[in-house]
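Side-chain atoms are counted along with the backbone in the values below, which use heavy atoms only and exclude waters and symmetry mates.
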Amino acid sequence: MVQKAPIVVLTGAGVSQESGISTFRDAGGVWQKYSIEDVATPEAFARQPDTVHAFYNDRRRKLQDTGAIRPNAAHEALARLEHEWPGEVTVITQNIDNLHERAGSQNLIHMHGELLKVRCNTCGAVQPWHEDVTRRTACPACANPDTLRPHVVWFGEMPFHLDTIMAKLDDCGWFLSVGTSGNVYPAAGFVDRVRAVGQARTVELNYEASGGAFDDARHGPATEVVPAFVEDLLKA
């Protein structure tokens with residue numbers, strides 16, 4: 001089989017919205033119900049850790065309700081692309097849910113962390129985590145209480161794996177932006193970096209236009225536009 005150019009897929013909240021996970025900026029989204037300053041900054045955690053823990057405990061419990069929250073056709077199409085494309089496919093997700101994994105994606109980078117993990121502020125250990133966390137919870141690695149935090153990137157913090165991500169962007173032949181508003185940096189600048197290198201085809205698959213400079217775009221629900229595009233790409 002002839003090897004084809006690597007594909008990099010950037011996904012945002014829009015890819016999980018149809019799975020029942022609220023987006024952040026749309027009407028009725030997370031930040032219309034909660035203040036960023038209260039639950040999603042290092043300062044908030046230092047000021048009111050119980051409130052921050054309660055917010056993420058609730059989100060963690062909801063994510064594990066597999067009857068209500070499950071991968072949708074967009075997640076499944078991207079997993080299919082990874083398994084059937086005769087070349088490397090990397091999914092870079094801004095989402096902290098595990099729906100890509102549950103759909104079958106394996107070559108996956110969580111640039112904003114993972115809801116089902118915690119990190120110790122004392123020893124730095126990262127642990128898979130499915131239960132609630134409180135200030136009394138001890139770190140499994142160092143046994144200290146009141147040191148665990150959600151393993152997610154808060155506002156004001158640097159995303160994870162940026163060196164790896166930039167190398168993937170510079171080497172790709174296709175860049176797909178799926179379900180992302182194009183408002184949050186550095187992810188919003190990925191398409192410009194890819195275009196500056198000049199070798200990749202850039203495509204936006206989103207509910208509506210983000211305003212980014214893409215070579216091609218298909219707009220509509222992720223569960224419709226992503227499977228259709230993957231089907232066309234695999235037939236090409």
Side-chain angles (χ1 to χ4, degrees), residues 10-13 15-17 19-24 29-31 33-72 75-76 78-79 90-165 179-180 184 187:
L10 172 68
T11 68
V15 79
S16 293
Q17 184 177 20
S19 289
I21 296 179
S22 296
T23 61
F24 286 83
V30 174
W31 301 133
K33 301 175 183 177
Y34 299 92
S35 168
I36 292 171
E37 292 78 12
D38 289 339
V39 295
T41 67
E43 294 78 13
F45 189 61
R47 185 175 64 249
Q48 47 187 21
D50 293 335
T51 298
V52 174
H53 276 313
F55 174 75
Y56 286 95
N57 288 341
D58 180 63
R59 296 188 72 192
R60 192 181 299 112
R61 289 192 297 268
K62 289 178 178 177
L63 179 60
Q64 294 179 88
D65 183 355
T66 56
I69 305 294
R70 63 184 65 184
N72 62 49
H75 298 105
E76 292 164 355
L78 293 175
T90 304
V91 174
I92 301 166
T93 186
Q94 300 170 84
N95 300 334
I96 61 175
D97 61 58
N98 64 346
L99 296 180
H100 283 301
E101 292 95 328
R102 287 169 56 188
S105 290
Q106 297 176 331
N107 194 20
L108 182 65
I109 298 173
H110 277 276
M111 64 179 294
H112 289 164
E114 300 175 64
L115 184 57
L116 297 182
K117 290 183 179 179
V118 294
R119 184 170 77 249
C120 180
N121 278 332
T122 297
C123 71
V126 177
Q127 309 277 349
W129 203 267
H130 295 79
E131 308 299 326
D132 285 358
V133 182
T134 72
R135 297 175 69 182
R136 295 185 298 277
T137 306
C139 170
C142 68
N144 286 310
D146 198 17
T147 62
L148 296 179
R149 57 160 284 176
H151 185 55
V152 300
V153 175
W154 285 325
F155 289 89
E157 296 180 328
M158 287 296 294
F160 300 138
H161 314 300
L162 281 181
D163 288 345
T164 300
I165 289 170
T180 180
V184 178

Report the C-alpha distance between Thr66 and Arg102 in whole Å, list the side-chain angles of each, state the deciding distance to 0.1 Å, and finish with yes or no for side chain to side chain contact (heavy atoms under 4.5 Å, CB included). CA-CA 10 Å; Thr66 56; Arg102 287 169 56 188; 3.7 Å; yes
So do the side chains of [X] and [Y] get within less than 4.5 Å of each other, counting heavy atoms only?
X: Val152; Y: Arg119; result: no
X: Trp129; Y: Leu148; result: yes
X: Val91; Y: Asn107; result: no
X: Leu115; Y: Asn98; result: no
X: His75; Y: Ser19; result: yes
X: Glu157; Y: Phe155; result: no

**Report entry** N-O pairing of Asp65 and Arg61 below 4.0 Å
**Finding:** no
Between the side chain of [X] and the main-chain N/O of [Y], is any donor-acceptor distance below 3.5 Å?
X: Asn57; Y: His53; value: yes
X: Asn72; Y: Val15; value: yes
X: Asp146; Y: Arg136; value: no
X: His110; Y: Asn95; value: yes

Looking at every non-hydrogen atom in both residues, tell me the closest pair between [X] and [Y] and how far apart they are.
X: Ala141; Y: Ala125; result: CB-CB, 3.6 Å
X: Lys117; Y: Pro128; result: CG-CA, 4.1 Å
X: Gly20; Y: Ile69; result: O-CD1, 3.6 Å
X: Cys120; Y: Cys142; result: SG-SG, 3.7 Å
X: Cys139; Y: Cys123; result: SG-SG, 3.8 Å

Checking Arg59 against Glu114 for the salt bridge (charged side-chain N to carboxylate O under 4.0 Å, His left out) test, could you report, in this order, the C-alpha distance in whole Å, the side-chain angles of both residues, the deciding distance, and whether it holds?
CA-CA 11 Å; Arg59 296 188 72 192; Glu114 300 175 64; over 6 Å; no
Between [atom1] on residue [X] and [atom2] on residue [Y], distance to nearest 0.5 Å:
X: Arg60; Y: Ile96; atom1: CZ; atom2: CD1; value: 9.0 Å
X: Ile109; Y: Ile92; atom1: CD1; atom2: CD1; value: 5.0 Å
X: Thr90; Y: Leu10; atom1: OG1; atom2: CG; value: 12.0 Å
X: Thr134; Y: Asp50; atom1: OG1; atom2: CG; value: 8.0 Å

Decide whether [X] and [Y] meet the rule of one side-chain donor and one side-chain acceptor closer than 3.5 Å.
X: His100; Y: Gln106; value: no
X: Asn144; Y: Thr122; value: no
X: Ser16; Y: Asp97; value: yes
X: Gln94; Y: Thr180; value: yes

- Task: Establish, yes or no, whether the cationic atom of Arg149 lies under 6.0 Å from the six-membered ring centre of Trp154 and within 45° of the ring axis.
- Result: yes
| said: Check this for me: Arg70, atom CZ, are more than 12 non-hydrogen atoms of other residues, nucleotides or ligands nearer than 6.0 Å? | reply: no
Q.
Just checking Gln127: does its CD atom have more than 12 heavy atoms from other residues, nucleotides or ligands closer to it than 6.0 angstrom?
A.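 More than 12 heavy atoms, drawn from other residues, nucleotides or ligands, come within 6.0 Å of this atom.
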Q | Check against ring pair (Phe, Tyr, Trp, His ring centres under 6.0 Å), Tyr56 and His151 | A | CA-CA 10 Å; Tyr56 286 95; His151 185 55; over 10 Å; no
Inset, instruction - Would you check, one step at a time, whether the test side chain to side chain contact (heavy atoms under 4.5 Å, CB included) holds for Leu116 with Gln64? - result: CA-CA 9 Å; Leu116 297 182; Gln64 294 179 88; 4.0 Å; yes
query = Is there a side chain to side chain contact (heavy atoms under 4.5 Å, CB included) between Thr93 and Met111 once you walk through the steps?
reply = CA-CA 6 Å; Thr93 186; Met111 64 179 294; over 6 Å; no
